[in-house]
Amino acid sequence: MNLHRLDLVSLSLFCLVVRTGSISKGAGLAHLAIGAASKRMSDLEESVGAPLLERHSRGVKLTPAGQALHRHAQRILRDVDELAADLSDHARGVLGVARLWANTSAITQFLPADLAAFASLQPGIRIALNEADSHEVVLAVLEGRADLGIFADRTPQLGLQTLPYRSDRLVLVVPPEHPLARRRRVDFEEATEYDFVSLSGATSLAQRLALESGQLGKPLRIRIQVRSFDAMCQMVAAGLGVAVLPDAAVQPLVRALGLRKLELTAPWVERELLLGARDFAALPKAARTLVDHFGSRRDAARSG
């Protein structure tokens with residue numbers, strides 16, 4: 001085994017072959033001749049000292065060694081892409097990058113203003129922002145794909161250190177002709193008598209609603225599931241059900257679509273969004289600067 005002979009072109013080609021299931025198709029995507037691609041795959045197998053691909057008339061299939069190499073190759077190529085981005089940032093005068101993952105609630109309600117203020121104060125720091133479900137955010141931080149994550153308070157934290165980020169409140173959104181539309185507030189148990197529009201079951205909001213309705217012995221009557229707050233409000237406006245959503249996130253949509261927003265009388269509708277890291281003290285300088293900024297913005301919001 002001579003892993004020093006591995007090169008990025010061959011690893012990239014190998015991943016393309018795995019993705020397409022064919023050496024010829026992988027070669028096409030890599031802009032290589034089929035013969036050259038086949039030779040690179042053979043050289044790769046010689047370097048690792050084990051067969052990587054089972055070759056068949058209909059394509060190729062990974063061997064156990066190939067599966068192991070594929071996992072590592074994907075990580076290596078991703079790291080190289082991040083290295084290229086970092087070096088490009090330095091060439092353009094960027095002083096650092098803070099990798100932030102956040103759930104939809106944080107991105108729609110608070111992060112636009114927070115990050116705009118940060119960019120004005122720290123033009124030399126770039127924010128690499130990804131939107132994901134709260135559980136995915138925690139895993140991204142835990143696995144080192146993100147420096148920081150913002151997620152809902154009931155999400156398993158898996159050993160992450162956390163700080164408070166912001167608070168939000170859930171409300172019930174209904175179409176204007178709905179039987180509840182003339183009410184100012186409603187108990188969640190009463191709302192469960194109607195059809196619901198929901199996010200996917202993997203989201204922290206959907207899981208919170210499933211837990212609370214289950215404790216009432218009234219599982220939600222979910223009529224349709226979508227992937228965004230915008231789509232949820234569109235479905236509510238079309239008369240497909242009611243929805244529970246963060247108050248600040250849906251205010252513009254409620255006005256634009258003529259919907260009604262009702263206060264929910266239940267203690268769990270007050271939520272905390274948390275800022276998490278594996279170790280705040282060990283963060284890169286750019287990420288630590290962002291943490292300090294979030295803290296000052298949170299304090300200003302509370303005092304205001």
Side-chain angles (χ1 to χ4, degrees), residues 101-111 130-142 146 148-160 162-174 178 180 183-236 240-251 253-254 259-276 298:
W101 285 48
N103 67 4
T104 303
S105 293
I107 286 178
T108 55
Q109 295 182 98
F110 308 115
L111 280 175
N130 280 282
E131 180 178 358
D133 297 338
S134 287
H135 293 279
E136 295 173 0
V137 170
V138 169
L139 289 176
V141 177
L142 195 66
L148 300 167
I150 299 175
F151 48 90
D153 54 1
R154 292 191 183 183
T155 307
Q157 298 168 19
L158 305 180
L160 294 185
T162 62
L163 293 169
Y165 173 60
R166 294 292 180 85
S167 300
D168 69 2
R169 181 178 180 85
L170 299 174
V171 295
L172 185 73
V173 178
V174 305
H178 195 273
L180 297 175
R183 303 268 293 275
R184 293 187 58 187
R185 62 179 58 87
V186 64
D187 188 78
F188 178 66
E189 184 171 3
E190 185 178 353
T192 60
E193 302 295 332
Y194 300 94
D195 289 340
F196 268 73
V197 176
S198 174
L199 294 174
S200 73
T203 61
S204 60
L205 177 56
Q207 291 175 358
R208 184 180 296 241
L209 296 180
L211 175 63
E212 297 300 335
S213 60
Q215 290 179 345
L216 294 171
K218 294 185 175 182
L220 289 186
R221 293 161 37 184
I222 297 177
R223 190 170 184 182
I224 192 167
Q225 289 181 314
V226 292
R227 296 179 60 85
S228 69
F229 294 162
D230 191 348
M232 289 178 72
C233 288
Q234 294 283 353
M235 295 300 174
V236 172
L240 292 173
V242 302
V244 173
L245 289 159
D247 189 2
V250 298
Q251 284 181 7
L253 295 168
V254 167
L259 303 175
R260 301 291 184 268
K261 185 179 67 174
L262 285 67
E263 179 183 337
L264 280 169
T265 57
W268 53 266
V269 301
E270 299 283 352
R271 301 192 308 171
E272 290 289 331
L273 296 177
L274 301 176
L275 178 65
R298 182 187 64 245

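In this text the structure is predicted, and so the values were computed from the model without any measurement.
Rounding to the nearest 0.5 Å gives a distance of 10.5 Å between CD of Glu136 and CD of Glu131. Between Leu199 atom CG and Thr104 atom OG1 the span is 7.0 Å, to the nearest 0.5 Å.
Looking at residues two or more places apart in sequence or on another chain, you find a side-chain contact (heavy atoms from CB on, under 4.5 Å) between Glu270 and Arg169. Not a single salt bridge (charged side-chain N to carboxylate O under 4.0 Å, His left out) links Asp133 to another residue, sequence neighbours left out. Val137 is linked by a side-chain contact (heavy atoms from CB on, under 4.5 Å) to Trp101, Ala132, Phe151, counting only residues two or more places apart in sequence or in another chain. Remark: Phe110 engages no residue in a ring-ring contact (aromatic ring centres under 6.0 Å, His included) (not counting sequence neighbours). His178 is linked by a ring-ring contact (aromatic ring centres under 6.0 Å, His included) to Tyr194, counting only residues two or more places apart in sequence or in another chain. Every residue two or more places apart in sequence or in another chain that forms a ring-ring contact (aromatic ring centres under 6.0 Å, His included) with Phe188 is listed here: Trp268. Applying the salt bridge (charged side-chain N to carboxylate O under 4.0 Å, His left out) criterion to Glu189, with sequence neighbours excluded, gives Lys218. With sequence neighbours excluded, the residues that form a side-chain contact (heavy atoms from CB on, under 4.5 Å) with Pro156 are His135, Leu158. In this view, Arg166 and Asp114 satisfy the salt bridge (charged side-chain N to carboxylate O under 4.0 Å, His left out) rule, not counting sequence neighbours. Scored by the salt bridge (charged side-chain N to carboxylate O under 4.0 Å, His left out) test, Asp230 finds no partners at all (sequence neighbours excluded).
In this structure, Val236 and Phe196 have side chains that are not in contact, with every pair of non-hydrogen atoms separated by 4.5 Å or more. Ser198 has its side chain out of reach of Leu220: every pair of non-hydrogen atoms, C-beta onward, lies at least 4.5 Å apart. Using a 4.5 Å cut-off on side-chain heavy atoms (C-beta onward), Leu160 and Leu142 make contact. Two residues are said to be in side-chain contact when any heavy atoms from C-beta on lie closer than 4.5 Å; Val138 and Gln157 fail this criterion. Within the 4.5 Å cutoff, the side chain of Pro164 has heavy atoms near those of the Arg298 side chain. Counting only heavy atoms from C-beta outward, the side chains of Arg185 and Leu264 never approach each other to under 4.5 Å. Between Pro246 and Arg271 the shortest side-chain heavy-atom distance falls below 4.5 Å.
Pairs passing the salt bridge (charged side-chain N to carboxylate O under 4.0 Å, His left out) check and including a residue from residues 240-249, sequence neighbours excluded, read Asp247-Lys261. Counting only residues at least two apart or in different chains, side-chain hydrogen bond (donor to acceptor under 3.5 Å, both in side chains) contacts with residues 219-229 comprise Asp195-Arg221.
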Next item on the list: Verify side-chain contact (heavy atoms from CB on, under 4.5 Å) between Leu148 and Leu275, making sure each step is shown before the conclusion.
Entry: CA-CA 7 Å; Leu148 300 167; Leu275 178 65; 4.1 Å; yes
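Asp168 and Gln109 are linked by a side-chain donor-acceptor pair at a separation below 3.5 angstrom, with hydrogens and angles left out of the test. With no hydrogens or angles considered, no side-chain donor-acceptor pair links Thr203 and Arg208 at under 3.5 Å.
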